[in-house]
Amino acid sequence: MAEEPPKPQRSDEEVKTAVANGETIESVEEMSPGYLESLKRLMLVQADTELMSVLCYQPVANTAPTLDTRISASAIVQDEAGHANIMYRLLEDLGEDKHELVYEREPHEYKNMHFFDYRLHNWAELAVANALFDRAGAVQLGDISEHCSYGPWRRALKKVDVEERFHQRHGDVWMKRLANGNEKTKQMLQDAVDRMWPHGVEWFGPENRQSTHVQDIIDFGLRSMTNDEMRYEWYDQVIPKLEDLGLEVDAHADEDERGGWYIGYDPDWDEVIQRFKNRGPHIEEYVEILRSGQNGFAAKATA
Ligand SMILES: [Fe+2]
Ligand SMILES: [Fe+2]
């Protein structure tokens with residue numbers, strides 16, 4: 001007879017008090033139903049984001065301009081596959097079935113970051129993805145690897161965090177090369193930034209006031225930063241870099257209490273939420289590739 005999956009044994013209030021007192025949660029029995037649900041939701045977003053980034057990055061990684069760079073880009077894709085594997089493995093400890101999560105869901109059931117429902121068109125876009133999105137991921141994962149109350153996830157992210165820093169550096173190096181190349185490479189880079197910038201802003205989810213889950217995430221000690229705090233941290237890291245390279249984004253530094261960077265427009269969060277729900281144009285294709293195990297995807301990279 002199959003073993004019964006472990007069940008949470010505490011109330012939400014008990015867990016919130018325990019983590020506020022510095023307790024690390026190590027097993028499902030030490031959780032409450034609400035804690036388990038919030039944890040699973042966050043972990044699945046990360047797992048699916050890592051997985052779909054493999055499908056999104058791989059075709060363009062294969063078009064790297066030199067052999068050395070192709071090796072680095074392939075290593076990044078391998079790392080992302082490894083990160084996905086770590087996350088689905090951790091989800092098994094929470095009662096989920098890894099095979100079912102990876103292969104047996106419908107396309108709309110994957111919870112990855114919205115941009116990975118799209119396709120990269122060229123090498124400049126991979127550089128920008130590494131510099132903007134891997135950095136956005138690192139802001140989130142860095143917070144979790146330092147502060148998360150769920151011990152197994154916090155510890156697993158130490159390795160992931162180091163690798164994400166390598167991905168960002170790869171993006172930074174290539175953005176610099178393209179910016180300092182010629183007019184054509186600089187324009188390619190600016191076009192890539194124009195296309196991908198809004199997706200970076202949206203990466204962290206709706207503003208705090210429109211997010212129903214943020215307070216629980218903080219109260220359960222799963223993260224220390226709100227959506228807005230992470231977004232500001234990302235602005236402060238990326239906007240000066242883009243400006244140094246002579247790239248344009250609609251943003252400005254402000255002399256307010258925070259003393260940081262802001263963008264010059266208000267995203268329409270209702271539209272963003274709806275678009276996330278509707279999914280992007282390539283998610284069905286990516287799920288099909290996953291299920292069939294085909295690897296001839298590179299030929300379609302610029303289609
Ligand atoms: Fe990753
Ligand atoms: Fe990465």
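Read the numbers this way: they start at 1 and go in the same order the structure lists the ligands and their atoms.
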So which of the N, O or S atoms of [X] lies nearest the Fe ion (ligand 1)?
{"X": "H83", "value": "ND1"}
{"X": "E50", "value": "OE1"}
{"X": "E164", "value": "OE2"}

Under 2.8 Å: N/O/S of E80 next to the Fe ion (ligand 2):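 Here the distance criterion (N, O or S atom, under 2.8 Å) is met by E80, so yes.
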If you look at H167, which of its N/O/S atoms is nearest to the Fe ion (ligand 2)?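 When I compare the N, O and S atoms of H167, ND1 is nearest to the Fe ion (ligand 2).
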Would you mind naming the N, O or S atom of D134 nearest to the Fe ion (ligand 2)?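 This residue's closest N, O or S atom turns out to be OD2.
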Once the angle between the rings of Y232 and Y235 is folded into 0 to 90°, is it parallel (under 30°), tilted (30 to 60°) or perpendicular (over 60°)?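 Rings of Y232 and Y235: tilted, as their planes differ by 30° to 60°.
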Please state whether the rings of W203 and F133 are parallel, tilted or perpendicular, taking 30° and 60° as the class boundaries.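 Parallel, since the angle between the ring planes stays under 30°.
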Are Y118 and H282, when compared by the centres of their aromatic rings, separated by less than 6.0 Å?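 No, the ring of Y118 stays outside the 6.0 Å limit from the ring of H282, centre to centre.
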Cation over ring face, R231 and W234, 6.0 Å, 45°: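 R231 over W234 ring: no.
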Pi-cation contact, Y110 with R105 (under 6.0 Å, within 45°):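 Yes, cation above the ring, under 6.0 Å and within 45°.
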